[in-house]
There are 2 protein chains.
Amino acid sequence: MLASMSDVVFHPPVEELVLTKVLAAFAEPARLAIVRAIARAGEPGVSCTQVQQDAGIEIGKSTMSHHQRVLRESGVTRTRIEGSRRMLTLRRTDLDRRFPGLLDAVLADSDAVTGARA
Amino acid sequence: MLASMSDVVFHPPVEELVLTKVLAAFAEPARLAIVRAIARAGEPGVSCTQVQQDAGIEIGKSTMSHHQRVLRESGVTRTRIEGSRRMLTLRRTDLDRRFPGLLDAVLADSDAVTGARA
DNA sequence: GTTGCGGTTCGATTGACGTCGAACATTCCG
DNA sequence: CGGAATGTTCGACGTCAATCGAACCGCAAC
């Protein structure tokens, strides 16, 4: 069964994305910063540690791993395993198909561009 | 000081709305149902008990009161006191000015139109 | 007034969530 | 091979949030 190597980790199908779950994933400040960092990185994707650098947050790696799982299981991010590291990308098209405009609205917040206030 | 009777209860000014707070307010299923009910009701506004009816949720009134406070303090709803009851409305223009497209994206979820799944 | 309706406040409980450190598994590299 | 790098898993801990019932307050209506 060629379960398409990328499904070594669980990704919920588009139809099963739940709005409240996605919103909850975005609602956590650390996670929102992570999402923005992944968004800035764009298409090839970024590794967890790289994201942590870019997001400018100081948390243990176990916490980081936890947030990644929440983001992935809520359908916000996709995790592609590449060697020893996980490449993270946003599920832009999926999110936009399921909840049109939501991701853009969240990413567009002007306060966060400079990494400003809480 | 004519503190404009409507400020007997606290409403955060537009500039102070925080994205994560608003998202957290939306992320709670019961609260999301409440928001939808208020949205459907439209402009004159609806009372708490009426909203509870429309939203089709079964919770104690203390819990309802709690949710209303979260929604109000996050800047999602406005509470106008009218006699013995609170008239609830969405702060549409404020939300749209601060987080363009967010409210629409949240309200547009097709799953909830019929009051469907969790 | 006194009764009833609409909501808030309080205190307590319960479960979920964010955080950490330590241990582990894989992969890369010298 | 052996060690460093990258993440995950596993408790454990503390905090926050949702929920409830009971008491309370204001207004309305009789």
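This is a predicted model, so every value here is computed, not measured. Below, chain A is the first sequence line, B the second, and so on; all start at residue 1.
Atoms CG (A/Leu71) and P (C/dC17) sit 14 Å apart, rounded to a whole Å. Rounded to a whole Å, the CE atom of B/Met87 is 17 Å from the P atom of D/dC27. One interatomic measurement links the two molecules: CG of A/Leu32 to P of C/dG18, which rounds to 13 Å at whole-angstrom precision. Between the CD atom of B/Glu82 and the P atom of C/dG7 there is a distance of 11 Å, given to the nearest Å. Atom pair A/Arg85:CZ and D/dT6:P shows a separation of 6 Å (rounding to whole Å applied). Between the CD atom of B/Glu73 and the C1' atom of C/dT8 there is a distance of 13 Å, given to the nearest Å. We find that CD of B/Gln50 is positioned 10 Å from P of C/dG6, with the value rounded to whole Å. For the pair A/Arg69 CZ and C/dC17 P, the computed distance is 11 Å after rounding to whole Å.
Of the inter-residue distances, the one linking A/Glu73 atom CD with A/Thr79 atom OG1 reads 10.0 Å to the nearest 0.5 angstrom. The line from NZ of B/Lys21 to CG of B/Leu71 is 13.5 Å long, rounded to the nearest 0.5 Å.
Residue B/Leu95 is tested with B/Leu90, B/Val106, B/Asp104, B/Leu17 for a side-chain contact (heavy atoms from CB on, under 4.5 Å); the sole match is B/Leu17.
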### Query
Taking protein heavy atoms under 4.0 Å as touching, what does nucleotides 12-26 of chain D look like 5' to 3' if B marks base contact, S marks sugar-phosphate-only contact and - marks none?
------SBBBB----
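Contact check for B/Arg98 versus A/Asp109: side-chain heavy atoms found under the 4.5 Å cut-off.
One finds no side-chain N or O of B/Thr49 lying less than 4.0 angstrom from the OP1 or OP2 phosphate oxygen of C/dC5.
The hydrophobic clustering, which links ILVMFWY residues whose side-chain heavy atoms are closer than 4.5 Å, places B/Leu19 and A/Val70 apart.
Counting only distance, with no hydrogens or angles, the side chain of B/Arg80 and the backbone of B/Pro44 share a donor-acceptor pair below 3.5 Å.
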